[in-house]
Amino acid sequence: MSDTETTAAADRPRNFIEEAIAEDLESGRFDRVQTRFPPEPNGYLHIGHAKAIAIDFGMARRHGGKCNLRFDDTNPTREDVEYVDSIKQDIEWLGFRWDRECYASDYYGQLYDWAVELIRKGRAYVCDLGADEVRELRGTLTEPGRPSPFRDRAVEENLDLFARMKAGEFPDGSRTLRAKIDMAHPNLNMRDPVMYRILHSRHHRTGDEWCIYPTYDWAHGQSDSLERVTHSLCSLEFEDHRPLYEWYIRELGIFPSRQIEFARLNLTHTVMSKRRLREMVEEKVVHGWDDPRMPTLSGLRRLGYTPAAVLDFLDRVGVAKTDSVADIALLEHCLREDLNRRAQRAMAVLRPLRLVIDDYSEDRVEELEAVNNPEDGSAGTRKVPFCRELLIEREDFALEPPPKFFRLAPGREVRLKHAYLVTCISVERDSDGNVTAVRCTHDPASRGGEAPDGRRVKGTLHWVSARHAAEAEVRLYDHLFAKPDPDDAAEGEDWHANLNPASLETLSGCRVEPGLAEVSTGDRFQFLRLGYFCADPDSRPGRPVFNRSVALKDSWAKVVRAG
RNA sequence: UGGGGCGUCGUCUAACGGCAGGACCCAGGAUUUUGGAUCCUGGUGUGAAGGUUCGAGUCCUUCCGCCCCAGCCA
């Protein structure tokens, strides 16, 4: 953990989980802190999981405790090792190290023995009802359920049937093992919940050893207990499950882990449900799980997010029980703040327009010194080639400049960053009247960009040398959804209607400083006046591809918007 | 109409009966060789009504609103 992170965590007020842990330590309920992060290996991690990770690992770390990584692999029909690896990679990327790597499937044997124990105690029974019949007898939110006809089966018969379930004598779905609790309980989870279902399915770790698999409720708490987890932190929707969590632990007389629930993370302009993310991948709304528009950790990483920015964001959002939707602008703010400090500056021209300096000789080339990062003196300087023909941003020139436009226009003088003050004296146009080049003169005494007589030059433009610049592809990303709430759709429409058609704009023929011709995936830069960019894995030698991670704050854009 | 939760600026989050504070966001200004960064100023909030108290966001009562639960998913 970095020093800044330590300080930030120490400065901010304790959240309700930290308070609960402190109380537990003080009261002697626990004498240490052990947590776990329990992903199901059935998909990629997103920033919502990152919140859980930061909480699970963070609580342990702050209290000198440990956090296990435990794969909640109780459903072989939807899980795969492919996900195990990506999950581990994402956790490490965030900077966390788990203590033990565990799997719920490690405990299948123990779970089976405990199930037998509950049968012997008369607390569990084999039920021959099908899924539909179980549902039928469960009752509703307002009506109590009715007992299964198999509820009072003799212990010996239950034992025999359960052994035969395990032995594979029965087809999928034909029987279940259920806890015998209370069919009239107001909490539906307590109406004889299913502990085991028959699934003749190959498990990614246990192979064909088992054909009965424990449900979440039967596996999770017992896994916590086996790992001596003191604080089992999960999201709000499991609040209803806590009585069952505690019932199993009490009936078994095993280590009493404590479950505490917090609100999951939601973000504006995106979605966090695994189901919806999967849909977008399958419908090819995005290019994959690591599409830079996805809120997955692999997507954010490819977009150019730093672990520090994500962690800072999570820290600022806080931990509470209120259902909430964090503003994606805060996430973006955290990235800008981090990258402003550390990203090397560079010049890139996205939509090039030729600028010719008439009074600068054809064969002359100067290597001008440019500061790498004005926020960090130790970042040093670099040389940037300058010559007669340059490329500037098309939108930095206007034939008829609107009010408050400080950029280049006929007769106007601007500063070329790190270079010279230039004045536009004429333009070249094609047969359609489009400007194809602007012609300028320069002030030789302004080398470096300083006005020799101290005259005020308001506009500063970025540029590249037409002769030296490297070609690049630049991908401009924006929010995936146009509306803050993707589900805020009109009658008869759904989230598809809210997809932002401009979430990706690919620009080819961009030009960057020659120093950026060769980049490695993940290299980050601030392109002056444009934003923060990150080299994409699609980059090839001499042909870099940059993703815009986040734009710079743009007060000119606001002026334009205001009209 | 059952059970479990949750209501504090637009958003997120503090307050542990004692001046409702911070961040993001928004607006304005200063400054600037990035219309960036930085700095300054300003903006709006305790869901409602009663009650207890010298004093209530906090305690009590009632009401209102929102979220979750009827998988052999997690």
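The figures that follow rest on heavy atoms only: side chains count, while hydrogens, waters and symmetry mates do not. Letters go in sequence order (proteins before strands), and every chain restarts at 1.
- Taking 4.0 Å as the cut-off between side-chain N and carboxylate O, A/E261 and A/R242 count as a salt-bridged pair.
- Here the shortest heavy-atom pairing between A/L339 and A/G304 reads CD2-O, 4.4 Å.
- Between B/C73, B/G5, B/A14, one nucleotide has an atom nearer to the side chain of A/N75 than all others, and that is B/C73.
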Only distances under 3.5 Å count here; give the side-chain donor-acceptor pairs of residues 321-328 of chain A to other protein atoms, sequence neighbours excluded, each with its distance to 0.1 Å.
unit_1: A/K321; atom_1: NZ; unit_2: A/E239; atom_2: OE2; d: 2.4
unit_1: A/D327; atom_1: OD1; unit_2: A/A329; atom_2: N; d: 2.9

### Task
For A/E393 and A/H462, run side-chain hydrogen bond (donor to acceptor under 3.5 Å, both in side chains): C-alpha distance rounded to whole Å, both residues' side-chain angles, the deciding distance at 0.1 Å, then the answer.
CA-CA 8 Å; A/E393 210 68 62; A/H462 59 275; 2.7 Å; yes
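- In this structure, A/L244 reaches neither bases nor backbone, as no heavy-atom distance under 4.0 Å exists between it and the strands shown.
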### Message
Let's go through A/Y305 and A/D338 carefully: what are the C-alpha distance in whole Å and the side-chain angles of both, what is the deciding distance for side chain to side chain contact (heavy atoms under 4.5 Å, CB included) to 0.1 Å, and is it a yes or a no?
### Response
CA-CA 9 Å; A/Y305 267 81; A/D338 186 32; over 6 Å; no
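- Between the side chain of A/D488 and the backbone N or O of A/D485, no donor-acceptor pair lies under 3.5 Å.
- Comparing the P positions of B/G7 and B/U46 gives a spacing of 15 Å, expressed to the nearest Å.
- Crowding of A/E367 atom CD: a count of heavy atoms from other residues, nucleotides or ligands under 6.0 Å exceeding 12.
- Side-chain proximity of A/L330 to B/A23, B/G5, B/A14: nearest is B/A23.
- Proximity of A/S324 to the phosphate of B/U11: no side-chain N or O atom is located under 4.0 Å from OP1 or OP2.
- Here B/G22 presents its P atom at 19 Å from CZ of A/R12, a figure rounded to the nearest Å.
- For the pair A/E237 CD and B/A70 C1', the computed distance is 16 Å after rounding to whole Å.
- Candidate nucleotides B/G2, B/C6, B/G3 were compared by shortest atom distance to the side chain of A/N187, and B/G3 ranks first.
- With rounding to whole Å, A/D323 atom CG is found 11 Å from B/U8 atom P.
- For the segment residues 189-202 of chain A, residues with any heavy atom less than 4.0 angstrom from an atom of RNA chain B are, sorted by number, A/V194, A/R197.
- Here the closest heavy-atom approach between residue A/L188 and residue A/L141 is recorded as CD2-CD2, 3.8 Å.
- Residue-level contact check: A/A131 touches the bases, meaning some heavy atom is under 4.0 Å from a base atom.
- One P atom belongs to B/C64, the other to B/A70, and the distance between them is 25 Å to the nearest Å.
- Separating the P atom of B/A23 from that of B/C66 is a span of 33 Å, rounded to the nearest Å.
- Not one N or O on the side chain of A/T176 forms a donor-acceptor pair closer than 3.5 Å with the backbone of A/R197.
- B/A49 and B/U11 have their C1' atoms separated by 28 Å, given to the nearest Å.
- A/R138 has a side-chain polar atom (N or O) that falls below the 4.0 Å cut-off from OP1 or OP2 of B/G71.
- RNA chain B lies under 4.0 Å from no heavy atom of any residue of residues 257-265 of chain A.
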In residues 550-563 of chain A, what donor-acceptor pairs under 3.5 Å come from side-chain atoms, sequence neighbours left out?
unit_1: A/D554; atom_1: OD1; unit_2: A/W556; atom_2: N; d: 3.1
unit_1: A/D554; atom_1: OD1; unit_2: A/A557; atom_2: N; d: 3.0

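- Between the P atoms of B/C60 and B/G43, the separation comes to 34 Å (whole Å).
- The pair A/R258-A/D24 meets the salt-bridge criterion, with a side-chain N (NZ, NE, NH1 or NH2) lying under 4.0 Å from an Asp/Glu carboxylate O.
- Counting non-hydrogen atoms under 4.0 angstrom, A/T215 reaches the backbone sugars and phosphates but no base.
- For the P atoms, the distance from B/U44 to B/C6 is 30 Å, rounded to whole Å.
- Dashed line: the shortest gap from a side-chain N or O of A/R242 to OP1 or OP2 of B/C68 is not under 4.0 Å.
- The side chain of A/K558 contributes an N or O atom lying less than 4.0 Å from OP1 or OP2 of B/A27.
- Within the 4.0 Å cut-off from OP1 or OP2 of B/G7, at least one side-chain nitrogen or oxygen of A/T322 is found.
- For RNA chain B, runs of at least 3 consecutive pairs of the Watson-Crick or G-U wobble type, with both hydrogen-bonding distances under 3.5 angstrom, map to B:2-7 with B:64-69, B:10-13 with B:21-24, B:25-30 with B:38-43, B:47-51 with B:59-63.
- Within the 4.0 angstrom heavy-atom criterion, base atoms lie near A/F238.
- The distance from atom CD1 of A/I17 to atom C1' of B/U13 is 14 Å, rounded to the nearest whole Å.
- Taking the syn range as angles within 90° of 0, the glycosidic angle of B/G71 is syn.
- No contact: A/T268 has no heavy atom under 4.0 Å from any strand.
- Aromatic pair A/Y112/A/F162: ring centres closer than 6.0 Å.
- B/G45 and B/G71 have their P atoms separated by 44 Å, with the value rounded to a whole Å.
- Residue-to-nucleotide proximity on RNA chain B shows that, of A/G139 and A/D240, the 5′-proximal contact is made by A/D240.
- The NE2 atom of A/H46 lies 6.0 Å from the CE atom of A/M272; values are rounded to the nearest 0.5 Å.
- At whole-Å resolution of the value, NZ in A/K483 and P in B/U11 are 17 Å apart.
- What separates CZ of A/R316 from P of B/A14 is a distance of 15 Å, to the nearest Å.
- Taking the P atoms as reference points, B/G4 lies 49 Å from B/C39, given to the whole Å.
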### Step-by-step side chain to side chain contact (heavy atoms under 4.5 Å, CB included) determination, A/Y420 to A/E366
CA-CA 11 Å; A/Y420 292 97; A/E366 286 185 88; 2.5 Å; yes
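- For A/F16 and B/A14, the CZ to P distance is 9 Å, given to the nearest whole Å.
- Base contact: A/R78 has a heavy atom under 4.0 Å from a base atom.
- Residue A/H462 is classed as having no contact, given no heavy-atom separation below 4.0 Å to the nucleic acid.
- Here the straight-line distance linking atom CG of A/L265 with atom NE2 of A/H49 works out to 11.0 Å at 0.5 Å rounding.
- Out of B/U8, B/G4, B/C24, the shortest distance to the side chain of A/A329 is found at B/C24.
- A salt bridge between A/E369 and A/R382 is absent, with no side-chain N of the basic residue lying under 4.0 Å from a carboxylate O of the acidic one.
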#### Entry: Sequence-aligned protein contact record of nucleotides 33-38 of chain B, with B where the base is within under 4.0 Å of a protein heavy atom and S where only the sugar-phosphate is
BBBBS-
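- The aromatic rings of A/Y216 and A/H220 lie tilted to each other, with the angle between the two planes from 30° to 60°.
- When rounded to the nearest whole Å, the span between CZ of A/R561 and P of B/C25 equals 13 Å.
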